[in-house]
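Everything below concerns the one structure shown next.
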Protein chains: 2
Amino acid sequence: MSQNEDTASYFKALGHPVRLQIARKLMEGEKCVSEVENMLSISQANTSQHLSILKANGIVDCIRKGNIKCYFLKEPGKIQGLLAVLENTIQEKG
Amino acid sequence: MSQNEDTASYFKALGHPVRLQIARKLMEGEKCVSEVENMLSISQANTSQHLSILKANGIVDCIRKGNIKCYFLKEPGKIQGLLAVLENTIQEKG
DNA sequence: CTAGTATATAACAATATAATTATATACTAA
DNA sequence: TTAGTATATAATTATATTGTTATATACTAG
């Protein structure tokens with residue numbers, strides 16, 4: 001895939017409110033699937049599906065720890081950087 | 001809309017290869033619809049539709065200049081910043 | 001082994017997005 | 001006015017994404 005398509009695909013993966021929320025939560029540290037599920041109040045299956053899209057785009061990765069799987073941001077700095085660009089607007093004095 | 005949804009929507013708008021390409025082209029300066037159309041080799045109608053999505057998300061804006069409409073990035077720094085985060089990876093020495 | 005827990009996947013229905021085609025609108029020039 | 005150019009919109013079809021439900025897999029504990 002071209003870099004343009006890769007980048008578009010990365011944006012697309014973050015372009016869903018649930019997946020963006022997951023990325024935000026993972027900025028706090030790694031979480032297992034059921035933690036994500038409970039924090040966002042979505043079904044187990046849907047949580048797993050969204051995580052799998054994030055993983056396919058290299059945004060998260062996971063390690064199994066016994067019976068559970070812990071997901072974490074692969075490059076937290078990227079997510080932080082993107083959100084800084086879009087959301088950390090400097091407020092001017094009123 | 002919440003900030004999370006706004007941000008997700010912004011990512012989603014950029015999450016299509018054609019729209020991301022349009023944003024890249026507009027980094028070079030404003031372009032009219034037919035210029036975008038020719039540069040990307042897509043139909044006039046489709047060009048207009050993609051531009052309208054970018055506009056709805058505050059990524060571009062346009063001004064009419066007589067018979068043509070010129071589109072430009074509303075906040076070029078944001079696009080540049082996002083692409084810098086994702087694509088300007090520093091290459092390590094081999 | 002069995003039962004229980006955690007997660008993933010498959011199948012489906014609902015919805016959204018995308019691209020094409022046809023048509024409408026807005027402007028310019030004569 | 002009319003004809004021509006530039007762009008937008010509507011209608012349609014094709015495709016993709018989403019969420020749910022049911023089921024499968026992988027592991028742990030006993």
Side-chain angles (χ1 to χ4, degrees), chain A residues 1-2 4-23 25-26 29-74, chain B residues 1-2 4-23 25-26 29-74:
Chain A
M1 238 194 322
S2 70
N4 188 66
E5 282 171 337
D6 283 342
T7 301
S9 185
Y10 195 100
F11 282 137
K12 186 175 178 179
L14 291 177
H16 186 290
V18 164
R19 288 191 295 268
L20 185 56
Q21 266 301 141
I22 292 176
K25 292 295 185 186
L26 295 186
E30 68 177 31
K31 310 264 182 239
C32 72
V33 178
S34 68
E35 283 176 316
V36 173
E37 179 187 341
N38 292 327
M39 287 188 308
L40 304 194
S41 300
I42 56 179
S43 74
Q44 182 274 314
N46 201 14
T47 304
S48 187
Q49 287 161 347
H50 282 302
L51 284 169
S52 132
I53 289 169
L54 290 171
K55 186 152 180 281
N57 282 278
I59 295 171
V60 306
D61 205 349
C62 62
I63 49 168
R64 181 174 282 281
K65 290 187 177 173
N67 205 13
I68 69 177
K69 265 172 134 178
C70 291
Y71 280 79
F72 54 90
L73 291 179
K74 242 176 143 177
Chain B
M1 239 195 319
S2 71
N4 188 66
E5 282 172 337
D6 284 342
T7 301
S9 184
Y10 196 100
F11 281 137
K12 186 175 178 179
L14 291 178
H16 186 291
V18 164
R19 288 193 295 269
L20 185 56
Q21 267 300 141
I22 292 176
K25 292 296 184 185
L26 295 185
E30 67 177 32
K31 310 263 183 241
C32 72
V33 179
S34 68
E35 283 176 317
V36 174
E37 179 187 341
N38 292 327
M39 287 187 310
L40 303 194
S41 300
I42 56 179
S43 74
Q44 182 273 314
N46 201 14
T47 304
S48 188
Q49 287 161 346
H50 282 303
L51 285 168
S52 132
I53 289 170
L54 290 171
K55 187 154 180 279
N57 282 278
I59 295 171
V60 306
D61 204 350
C62 62
I63 47 169
R64 182 174 280 283
K65 290 187 177 175
N67 205 14
I68 69 178
K69 264 173 135 177
C70 290
Y71 280 80
F72 54 90
L73 291 178
K74 241 177 143 177

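A note on names: the letters A, B, ... follow the listed sequences, proteins ahead of strands, and every chain is numbered from 1.
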Does any part of the side chain of [Y], heavy atoms only, come nearer than 4.5 Å to the side chain of [X], both counted from C-beta?
X: B:Lys69; Y: B:Ile63; answer: no
X: B:His50; Y: B:Leu40; answer: no
X: B:Tyr71; Y: B:Val36; answer: no

Under a 4.0 Å heavy-atom criterion, the protein footprint on nucleotides 24-30 of chain D, written with B, S and -, is --BBS--

For A:Leu40 and D:dG19, what is the distance between atoms CG and P respectively, to the nearest whole Å?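 Rounding to the nearest Å, CG of A:Leu40 and P of D:dG19 are 11 Å apart.
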
- What's the verdict on side-chain contact (heavy atoms from CB on, under 4.5 Å) for B:Val60 and B:Lys74, showing C-alpha distance, side-chain angles and the deciding distance? CA-CA 5 Å; B:Val60 306; B:Lys74 241 177 143 177; 6.0 Å; no

- Task: Establish, with yes or no, whether the OP1 or OP2 oxygen of D:dT7 is under 4.0 angstrom from a side-chain nitrogen or oxygen of B:Ser34.
- Result: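 The answer is yes; a side-chain N or O of B:Ser34 sits under 4.0 Å from OP1 or OP2.
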
Any B:Tyr71 side-chain nitrogen or oxygen under 4.0 Å from OP1 or OP2 of D:dA6 =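 So the side chain of B:Tyr71 is outside the cut-off, no N or O lying under 4.0 Å from OP1 or OP2 of D:dA6.
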
Let's see if you get this right: which residues in residues 42-59 of chain B place a heavy atom under 4.0 Å from DNA chain D?
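Here the set is B:Gln44, B:Ala45, B:Ser48, B:Gln49.
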
*asked:* Among residues 11-19 of chain B, which ones have heavy-atom contacts with DNA chain D below 4.0 Å?
replied: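 The stretch gives none, as no residue of it lies under 4.0 Å from the strand.
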
Start with the C-alpha gap between B:Asp6 and B:Tyr10, add the side-chain angles, then the distance that decides, and say whether side-chain contact (heavy atoms from CB on, under 4.5 Å) holds. CA-CA 6 Å; B:Asp6 284 342; B:Tyr10 196 100; over 6 Å; no

How many angstroms lie between [atom1] in [X] and [atom2] in [Y], if you round to the nearest 0.5 Å?
X: A:Lys31; Y: A:Glu37; atom1: NZ; atom2: CD; result: 14.5 Å
X: B:Ile22; Y: B:Ile42; atom1: CD1; atom2: CD1; result: 5.0 Å
X: A:Leu54; Y: A:Cys62; atom1: CG; atom2: SG; result: 11.5 Å

| Going through the distances and angles, do B:Val18 and B:Gln21 end up as a side-chain contact (heavy atoms from CB on, under 4.5 Å)? | CA-CA 5 Å; B:Val18 164; B:Gln21 267 300 141; 5.7 Å; no

